[in-house]
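Okay, structure first, notes after.
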Amino acid sequence: MLPDGVHRLELPTPFQIGPVSCYVLRGDPLTLVDPGPLRDKTAAALEDGLRALGLRIEDTELVVVTHQHHDHAGLAAEVVRRSGARLATSPRLAAYLANYDGAMDRDDAYSVATMRLHGIDDDVRDTLDGVSRSFRRYGEGAAVDVVVGDGEQLVAGGRTFTAFERPGHSPTDTIFVDADGLLVGGDHLLPKVSSNPIAHVPIDDRDPVEVATHAPRPALVEYLASMRATAAMDVSLVLPGHGEPFADHRGLVAARKQMHDRRARRILRAVDGTRTAADMIGMLMRALPDTQSYLALSEVLGHIDLLERDGLARGVERDDGVVVWQPLRAARAAA
């Protein structure tokens, strides 16, 4: 059961993940969390959901966005325009939204370079680059009025939340926790599906191709550290970005860690000195459509990062510039 004054609206998205959970926090200021993608069907569903609560979009006083993905952030600017609400995000997300087109260009360049480096073939790369560019219509830039840094407080819906940066699923993931242990989590912890640690470019000014080639963001390493930090907190209820609210966040974190450990062991068995990360996708996922190849590659690279961190594998660049993965001595002993 949700606390008094907290309502969940399930809004449609065009993405495989399905509906997004938008939360209405009644109180001062009246707050919407993650209003969904920029899409007429989503906006209509948001209007209908608010109407059932006796509210309108124009009544919104604060919009909070947990991270950069279109299914959470895309409609925020439109809600702000219609209502005059303030927009609150983390510093990293504020920078991302301030230059939306530039941020998308950097992320696409990073994705293409990552796919090329790790063996995704030309046709699939072109397809995925086109899909990503077509998805830009589901989001837009925005000026953030309230920048909430890690450990800083935000008053929303009559509650005082503390913000905590929890990168992993994206570089901008942020959770908000109040004194009663209510955690507004975005995609940091999801009850039914694991949050894919997506290979996004970091939120900075470095050249994205250079970063992808020489200093990629270790998304799964980040995500596991973020989950450990959240597991150490006292939380009574999690409001996730997809699915129903749930308790026992520590049990979920433990289950996710076990899952990632199992997957890393499976990937380790495929590390033989000849296979690319793209070759290893089939070790985790079967009958995958091309449109899901980048998410699958992100998953494999995340587990390879764990193997590298633990001294079990290393990447070697072939003459064609594609990386293959070699087992180290410790890996052979563990096999």
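Arg137 places a side-chain N or O within donor-acceptor distance of the main-chain N or O of Ser134, the cut-off being under 3.5 Å. Judged purely by atom type and a 3.5 angstrom limit, Thr276 has no side-chain atom pairing as donor or acceptor with the backbone of Val323. Between the side chain of Arg82 and the backbone N or O of Glu58 there is no donor-acceptor pair closer than 3.5 Å. Under a 3.5 Å cut-off, the side chain of Arg263 and the backbone N or O of Glu299 do not form any donor-acceptor pair. The backbone N or O of Asp122 lies less than 3.5 Å from no partner atom in the side chain of Arg116, so there is not a single donor-acceptor pair. Although no hydrogens or angles enter the test, the distance criterion places no donor-acceptor pair under 3.5 Å between the side chain of Asp310 and the main chain of Leu307. For Thr162 (side chain) and Glu152 (main-chain N/O), no donor-acceptor pair under 3.5 Å exists by modelled atom type. Counting only distance, with no hydrogens or angles, the side chain of Thr31 and the backbone of Pro29 share a donor-acceptor pair below 3.5 Å. Side-chain atoms of Arg106 come within 3.5 Å of backbone N or O of Asp204 as a donor-acceptor pair. Under a 3.5 Å cut-off, the side chain of Ser236 and the backbone N or O of Gly181 do form a donor-acceptor pair.
For the residue pair Asp173 and His188, no side-chain donor N or O sits within less than 3.5 Å of a side-chain acceptor on the partner. If you check the side chains of His242 and His72, you find a donor sitting under 3.5 Å from an acceptor. Between the side chains of Thr174 and Arg166, no donor-acceptor pair of N or O atoms lies under 3.5 Å. Side-chain N/O atoms of Asp108 and Ser111 include no donor and acceptor closer than 3.5 Å. Gln68 and Thr172 are linked by a side-chain donor-acceptor pair at a separation below 3.5 angstrom, with hydrogens and angles left out of the test. At a cut-off of 3.5 Å, with distance as the only test, a side-chain donor of Thr66 or Asp34 sits close to an acceptor on the other residue.
Under 4.0 Å is where a charged nitrogen must lie from a carboxylate oxygen, and between Arg217 and Glu222 at least one such pair does. Arg125 and Asp129 are not joined by a salt bridge, as no carboxylate oxygen comes within less than 4.0 angstrom of a charged side-chain nitrogen. Comment: Arg250 engages Asp234 in a salt bridge, judged by a side-chain N to carboxylate O separation of less than 4.0 angstrom.
Expressed to the nearest 0.5 Å, how far CG of Leu87 lies from OG1 of Thr89 amounts to 6.0 Å.
A perpendicular orientation is assigned to the rings of His69 and His169, their planes being inclined by more than 60° (bins at 30° and 60°). Taking the six-membered ring where the residue is Trp, Phe135 and Tyr138 present tilted rings, their angle falling between 30° and 60°.
Between Pro245 and Tyr23, the closest side-chain pair of non-hydrogen atoms falls below 4.5 Å. A heavy-atom distance below 4.5 Å is not found between the side chains of Leu30 and Leu25. With contacts defined as side-chain heavy-atom distances shorter than 4.5 Å, the pair Pro208/Asp107 does not qualify. Between Val63 and Val79, the closest side-chain pair of non-hydrogen atoms falls below 4.5 Å. Between Leu224 and Leu306 there is a side-chain heavy-atom pair separated by less than 4.5 Å. Here the side chains of Leu182 and Arg159 are in contact, with some heavy-atom distance below 4.5 Å.
When each of Leu252, Val235, Ile175 is paired with Leu189, the side chain to side chain contact (heavy atoms under 4.5 Å, CB included) condition holds for Leu252 and for no other.
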Ignoring hydrogens and angles, write down the donor-acceptor pairs under 3.5 Å from the side chains of residues 4-18, residues two or more places apart or on other chains.
from, atom 1, to, atom 2, distance (Å)
Arg8, NE, Ser21, OG, 2.9
Arg8, NE, Gly243, O, 3.2
Arg8, NH1, Glu244, OE2, 3.4
Arg8, NH2, Glu10, OE2, 2.8
Arg8, NH2, Ser21, OG, 3.4
Thr13, OG1, Phe15, N, 3.2
Thr13, OG1, Gly18, O, 2.7
Gln16, OE1, Gln292, NE2, 3.2

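Closest non-hydrogen pair, Ile203 versus Arg92, comes out as CG2-O, 3.6 Å.
Criterion: ILVMFWY side-chain heavy atoms under 4.5 Å apart, direct or through other members. Under it, Val131 and Leu295 are not part of a common hydrophobic cluster. Under the 4.5 Å side-chain heavy-atom criterion for Ile, Leu, Val, Met, Phe, Trp and Tyr, Phe161 and Val65 are members of distinct hydrophobic clusters.
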